[in-house]
Amino acid sequence: MSEQQTNNAAIRPEAVIAARDLTKRYGKTSVVDAINFDIAKGEVFGLLGPNGAGKTTTILMMLGLTEISAGRVSVLGFDPARQPLQVKRRVGYLPDAVGFYDHLSAVENLAYAAKLMGLPMAERSRRIAAALTRVRLVEVADKRVATFSRGMRQRLGLAEIIVKRAEIAILDEPTSGLDPQATIEFLDLIRELKAEGVTVLLSSHMLDQVQRVCDRVALFRAGRIAMMGSVAELSVQVLGAGFVVEVEADGAGIARRLAAIPGVGNVETLADDRFRMTADRDVRADAARAVVAANGALRRLSVDEPSLEAIYARCFQVPPSGGVRDAA
Amino acid sequence: MRREGSAFQGVGAVFVKELSDNISSVRMLMLELLIVLTAMAALYEAIVALRQNTAEDPFLLLRLFTVSQAPLPSFVAVLGFLIPLMAIGLGFDLINSEHNRRTLSRILAQPIYRDALLLGKYLAGLATIAISLTALWLLVIGLGLIFLGVPPGGEEIARSLAFLVIAVFYAGVWLSLAMLLSIVFRSPATAALVALGIWLFLTVLWPMLAPAIAQAIVPPDPRFAALGLDTPGTAIWTLQLQRFSPNDLFGEATLAVLSPTTRTLGPVFLDQIRGAVMGAPLPFGQSVMIAWPQTVGLIACTIVLFVAGYVLFQRQEVRA
């Protein structure tokens with residue numbers, strides 16, 4: 001779905017976050033320039049783009065932490081500028097490189113946040129214990145946060161969102177600087193949140209990680225959303241087709257049968273028994289059926305899923321191995 | 001645009017956390033130690049001096065606060081010097097430390113307004129100073145009882161309590177200034193240096209500059225100079241200019257409440273003292289009335305600085 005398609009459209013009832021012509025200006029410079037998007041309940045939505053593209057500013061406007069210059073944004077039906085407390089009661093925020101009070105323990109840090117949330121004491125203790133168990137920090141609950149690694153701090157930040165029982169979790173660069181194991185654990189926690197029906201808005205530079213957890217992504221460029229949709233949709237838009245399926249099989253008329261599969265855009269014959277198809281979905285099952293229908297013998301079937309990195313590189317015209325930071 | 005909910009939601013939580021941090025911090029411990037040791041030294045000298053005339057003075061306890069014996073200044077003068085240090089020590093990193101720890105956006109993402117954070121931190125700082133000063137006040141009363149052996153009268157207690165309240169207001173000015181600077185400067189070191197610079201200017205330089213500026217505005221009259229008197233116009237201007245310094249306001253207000261014989265805080269003219277019984281103490285209420293403009297000046301200064309900080313903080317971009 002492109003930005004233009006949603007521009008000035010009415011906010012869909014199922015959208016938990018909806019932005020219409022959302023703009024942030026500093027003087028004459030627009031850092032977020034009339035962006036439009038809808039995020040549905042339970043969706044994991046990724047904000048991608050180079051540094052300074054406007055991702056964090058968009059998040060801050062959603063939380064009412066910075067003024068909106070023009071346009072509007074609705075979060076769970078509330079206006080963050082007029083009803084910031086309603087929004088902040090329901091939205092959890094994990095900032096980039098989250099900070100805690102180092103002289104306090106994990107429990108004390110969470111207790112302070114819970115007090116600010118207005119939770120009664122008994123409820124506070126119960127929720128904090130459950131959240132620390134969930135993020136696997138229960139063994140260090142009484143240790144000072146000064147001794148925590150970055151990964152542990154990020155998990156503690158997520159625990160705060162769990163304590164709040166947030167309907168929307170906004171995570172700004174949550175895996176930046178984490179080691180691979182900590183990243184995997186963190187992404188698992190995001191999937192768990194999604195499974196519970198929490199809507200997750202994820203801002204990140206880590207394209208492979210975004211692809212692993214996000215249902216849809218928006219690519220930010222110079223304050224505007226350049227593209228928006230699922231990875232498969234974007235790959236069709238940007239790369240022509242998303243999935244590349246290779247088939248190795250003997251049989252007559254296989255190329256013709258493969259070309260007839262719905263969703264297949266192109267079939268290339270690499271050798272007498274080797275074919276490469278581009279498709280807008282994973283068509284391996286259909287390809288296998290096509291080979292069987294042609295009385296052929298299937299020897300190999302492989303698929304290359306669309307890569308967000310390739311989409312990003314094409315969109316921002318940077319080499320795929322260059323990474324996002326280099327694009328800034 | 002009317003905001004939903006209360007601006008004070010969360011003030012209690014911030015207050016309790018900050019007060020706990022302040023009281024348990026090493027920085028606070030060092031400041032308290034400095035104040036207690038210096039004040040005790042001044043108090044000891046005062047007790048030694050006062051033991052000579054225990055039975056003669058009806059306001060002996062108040063003398064403990066004001067009597068000085070070289071080389072140490074009086075207890076009040078020590079506090080006038082050290083209270084700003086304590087307030088600056090507590091306030092110079094109130095807000096910028098939240099930026100630097102990257103806790104500000106996380107805290108403000110909770111259902112509270114910025115007002116609550118600012119007010120909670122300010123009140124916790126003020127309460128910390130008030131608790132320290134009250135402890136010091138009780139110590140003075142206790143030591144006075146032990147060493148002088150004369151129980152304080154009701155008016156003495158009332159006057160010393162009034163002094164305590166004025167001291168808290170005085171601390172409020174410096175705490176507001178330090179908090180304002182902690183909002184303006186992201187670096188705590190810069191905020192602390194600027195605050196100390198302003199304090200030094202108003203404490204050391206301004207009392208010297210004020211008479212010079214006053215003389216430039218109203219040149220001294222040679223006829224008064226020949227009689228060894230100050231020119232009234234110059235004296236009034238000097239006094240008014242000196243009152244721009246919170247130290248001066250604090251000094252005048254404490255003089256009025258701790259010295260019951262003080263009848264005025266400005267130049268005295270003959271028609272003002274006609275019919276007055278010289279050396280007779282004023283009732284407590286009248287002393288408070290004399291100290292009232294200075295006290296209001298301290299409160300007004302606190303409010304102006306707090307509001308300036310409040311406005312700046314509301315407009316500040318929160319990214320950390």
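Keep in mind that this is a model prediction, so the values were computed, not measured. Quick note on labels: first sequence line is chain A, next is B, and so on, each numbered from 1.
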query = Can you check whether A:Asp102 reaches B:Arg101 side chain to side chain, under 4.5 Å on heavy atoms?
reply = no
- prompt: So, do B:Gln110 and A:Lys164 sit near enough that their side-chain heavy atoms are less than 4.5 Å apart?
  reply: yes
Distance col, row B:Arg102:CZ vs A:Arg153:CZ, nearest 0.5 angstrom, shows 11.5 Å
Take atom [atom1] in [X]; do more than 12 heavy atoms of anything else shown fall under 6.0 Å from it?
| X | atom1 | value |
| --- | --- | --- |
| B:Phe8 | CZ | no |
| A:Glu192 | CD | yes |
| B:Phe201 | CZ | yes |
| A:Lys143 | NZ | no |

Taking side chain as everything from C-beta outward and backbone as N, CA, C, O, which of these in [X] sits under 4.5 Å from a heavy atom of chain B? Side chain, backbone, both or neither.
| X | value |
| --- | --- |
| A:Leu60 | side chain |
| A:Leu104 | side chain |
| A:Gln86 | both |
| A:Phe78 | neither |

* Verify side-chain contact (heavy atoms from CB on, under 4.5 Å) between A:Tyr93 and B:Leu108, making sure each step is shown before the conclusion. => CA-CA 10 Å; A:Tyr93 176 46; B:Leu108 291 179; over 6 Å; no
Can you name the nearest heavy-atom pair linking [X] to [Y], along with the distance?
| X | Y | answer |
| --- | --- | --- |
| B:Ala13 | A:Lys115 | CB-CB, 3.8 Å |
| A:Tyr101 | B:Ile107 | OH-CG1, 3.5 Å |
| A:Thr66 | B:Glu317 | OG1-OE1, 3.1 Å |
| A:Leu65 | B:Arg114 | O-NH2, 3.0 Å |

The interface call for B:Val14 against chain A, heavy-atom contacts under 4.5 Å, is both
Ranked by heavy-atom pairs below 4.5 Å to chain B, first place among A:Arg90, A:Glu108, A:Gln83 goes to A:Gln83
Counting heavy-atom pairs under 4.5 angstrom with chain A, the leader among B:Ala109, B:Ala116, B:Gly10 is B:Ala109
key: Test item: B:Arg106 side-chain N/O and A:Gly99 main-chain N/O as donor-acceptor pair under 3.5 Å   = yes
